[in-house]
Amino acid sequence: MSGISKKMISEDTPAGLDILSRPAEEFENDAQVEVMWAMKAYEHAEVYFNILCSVDPKSLRLTPHDDKIYSLFRQEFPDLDVRLLNEDEMKSVDGKKKWREFCETFKEEIEDYNFGTLVRKDVTGDYTEENSILITRIQFFAIEIARNREGFNDEIRNKFKPVKK
């Protein structure tokens, strides 16, 4: 992941990310909490991208509910181009309403279904500031399961090398 710096996100952030498991009602617009959420989203993106760079995406199972997520996603969003996401469409009044209904379907099945998660706008690119959108975890699963099953993530392994630590 080249364009988003973990250091940029984590400067002056408390070490205890466990605070994120507390009810949202306990916080007002706290900048520290927002930074911790950004760190968590970044770490998830980094792990997922490294997995994409290492294995055949068509063989990935992101959840035990992949089949249901994919089926309902394509039923509700048959024409959504997962190769190049249109953020304005997704976050329009109509888009938000449609996505909210989709997301709520998985409220009881997918843990943390509504956590903020980063997704790449353009499937051919890395996670960068320009190529990332903050969406809910269930939206991420729906889009990435579709990208994997429809073959759009296949070139990632050839284009990017796994990050070794």
Side-chain angles (χ1 to χ4, degrees), residues 1-4 17 20-25 34 36-163:
M1 292 185 31
S2 57
I4 300 174
L17 289 177
L20 298 178
S21 63
R22 293 173 49 194
E25 297 81 33
E34 290 179 19
M36 287 186 284
W37 278 110
M39 283 179 55
K40 192 168 183 161
Y42 170 83
E43 289 168 358
H44 176 266
E46 183 177 42
V47 168
Y48 181 68
F49 196 77
N50 285 336
I51 291 169
L52 281 180
C53 291
S54 302
V55 302
D56 180 358
K58 287 184 179 144
S59 68
L60 282 178
R61 299 278 303 168
L62 302 182
T63 78
H65 308 284
D66 283 11
D67 294 336
K68 179 179 179 182
I69 294 168
Y70 180 70
S71 176
L72 186 59
F73 171 67
R74 279 307 182 201
Q75 178 182 325
E76 296 298 319
F77 300 93
D79 300 322
L80 184 82
D81 182 0
V82 295
R83 292 172 294 184
L84 186 60
L85 299 176
N86 183 328
E87 184 174 10
D88 293 335
E89 244 177 58
M90 290 178 70
K91 295 186 177 184
S92 70
V93 173
D94 290 339
K96 283 181 181 180
K97 182 179 186 285
K98 193 168 183 178
W99 274 110
R100 189 175 306 111
E101 291 169 6
F102 173 84
C103 294
E104 289 301 308
T105 303
F106 296 96
K107 185 176 186 173
E108 301 300 321
E109 293 176 76
I110 304 297
E111 185 177 351
D112 302 331
Y113 77 104
N114 62 349
F115 272 25
T117 306
L118 293 173
V119 71
R120 293 166 296 134
K121 285 188 222 180
D122 181 345
V123 72
T124 64
D126 194 350
Y127 282 94
T128 63
E129 190 172 332
E130 301 79 27
N131 196 40
S132 299
I133 304 173
L134 185 64
I135 60 175
T136 65
R137 181 161 294 160
I138 189 61
Q139 287 175 296
F140 168 84
F141 286 145
I143 291 165
E144 287 298 327
I145 290 166
R147 286 174 168 179
N148 292 340
R149 290 186 178 195
E150 295 169 15
F152 299 122
N153 275 331
D154 288 353
E155 294 182 33
I156 292 296
R157 278 189 304 161
N158 297 329
K159 189 172 181 182
F160 299 95
K161 302 291 182 219
V163 176

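If you're wondering where the values come from, they're calculated on a predicted model, not measured in any experiment.
- Side-chain N or O atoms of Asp126 include none that pairs as donor or acceptor with a backbone N or O of Thr128 at under 3.5 Å.
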*Under the ring-ring contact (aromatic ring centres under 6.0 Å, His included) criterion, do Phe141 and His65 qualify, and how do the steps go?*
CA-CA 10 Å; Phe141 286 145; His65 308 284; 9.7 Å; no

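- Considering every non-hydrogen atom in both Thr117 and Arg137, the closest pair reads OG1-CA, 3.4 Å.
- Minimum heavy-atom separation, Cys103 to Gln139: SG-CG, 3.8 Å.
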*Check the pair Asp56 / Asp154 against side chain to side chain contact (heavy atoms under 4.5 Å, CB included), numbers first and verdict last.*
CA-CA 7 Å; Asp56 180 358; Asp154 288 353; 4.2 Å; yes

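- Contact detail for Arg74 and Ala146: the closest heavy-atom pair is NH2-CB, 4.3 Å.
- Arg157 approaches Ser54 most closely through the heavy-atom pair CD-C, 3.6 Å.
- Here the closest non-hydrogen pair linking Ile69 and Ala142 is CG2-CA, 3.6 Å.
- For the atom pair CG of Asp112 and CD1 of Ile138, the computed distance is 11.5 Å after rounding to the nearest 0.5 Å.
- Between the side chain of Ser92 and the main chain of Glu89, a donor-acceptor pair closer than 3.5 Å is present.
- Qualifying side-chain contact (heavy atoms from CB on, under 4.5 Å) partners for Glu155, counting only residues two or more places apart in sequence or in other chains: none.
- Under 3.5 Å, the side chains of Asn131 and Asp122 contain no donor-acceptor pair of N or O atoms.
- Under the side chain to side chain contact (heavy atoms under 4.5 Å, CB included) test applied with Phe152, the options Ile143, Thr124, Val123 reduce to a single match, Val123.
- Considering only heavy atoms from C-beta on, Phe73 comes within 4.5 Å of Leu80 through its side chain.
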*Checking salt bridge (charged side-chain N to carboxylate O under 4.0 Å, His left out) for the pair Glu144/Arg120: CA distance, chi angles, key distance, verdict?*
CA-CA 9 Å; Glu144 287 298 327; Arg120 293 166 296 134; 3.5 Å; yes

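- The aromatic rings of His44 and Tyr48 lie parallel to each other, their planes meeting at an angle below 30°, with 60° marking the opposite boundary.
- At a threshold of 4.5 Å between non-hydrogen side-chain atoms, the residues Glu109 and Thr63 do not count as touching.
- Scanning both residues, Glu87 and Ile133, for their nearest heavy atoms gives OE2-CG2, 3.6 Å.
- In terms of modelled atom types and a separation under 3.5 Å, the side chain of Lys98 and the main chain of Glu76 share a donor-acceptor contact.
- A perpendicular orientation is assigned to the rings of Phe49 and Tyr127, their planes being inclined by more than 60° (bins at 30° and 60°).
- With salt bridges taken as basic N to acidic carboxylate O contacts below 4.0 Å, none links Glu104 and Arg100.
- Put simply, the side chain of Arg147 never gets that close to the backbone of Glu150: no donor and acceptor are under 3.5 Å apart.
- Considering CG of Leu60 and CG of Leu52, their distance stands at 6.5 Å, rounded to 0.5 Å.
- Note that the CG atom of Asp94 and the CH2 atom of Trp99 stand 14.5 Å from one another [nearest 0.5 Å].
- Ser71 contributes no side-chain N or O that, together with a main-chain N or O of Asp67, makes up a donor-acceptor pair within less than 3.5 Å.
- Here the SG-CG distance, from Cys53 to Asn153, works out to 9.5 Å after rounding to the nearest 0.5 Å.
- The side chain to side chain contact (heavy atoms under 4.5 Å, CB included) test with Lys96 is passed by exactly one of Met90, Lys91, Glu101: Lys91.
- Between the side chains of Glu108 and Tyr113, not a single donor N or O lies within less than 3.5 Å of an accepting N or O.
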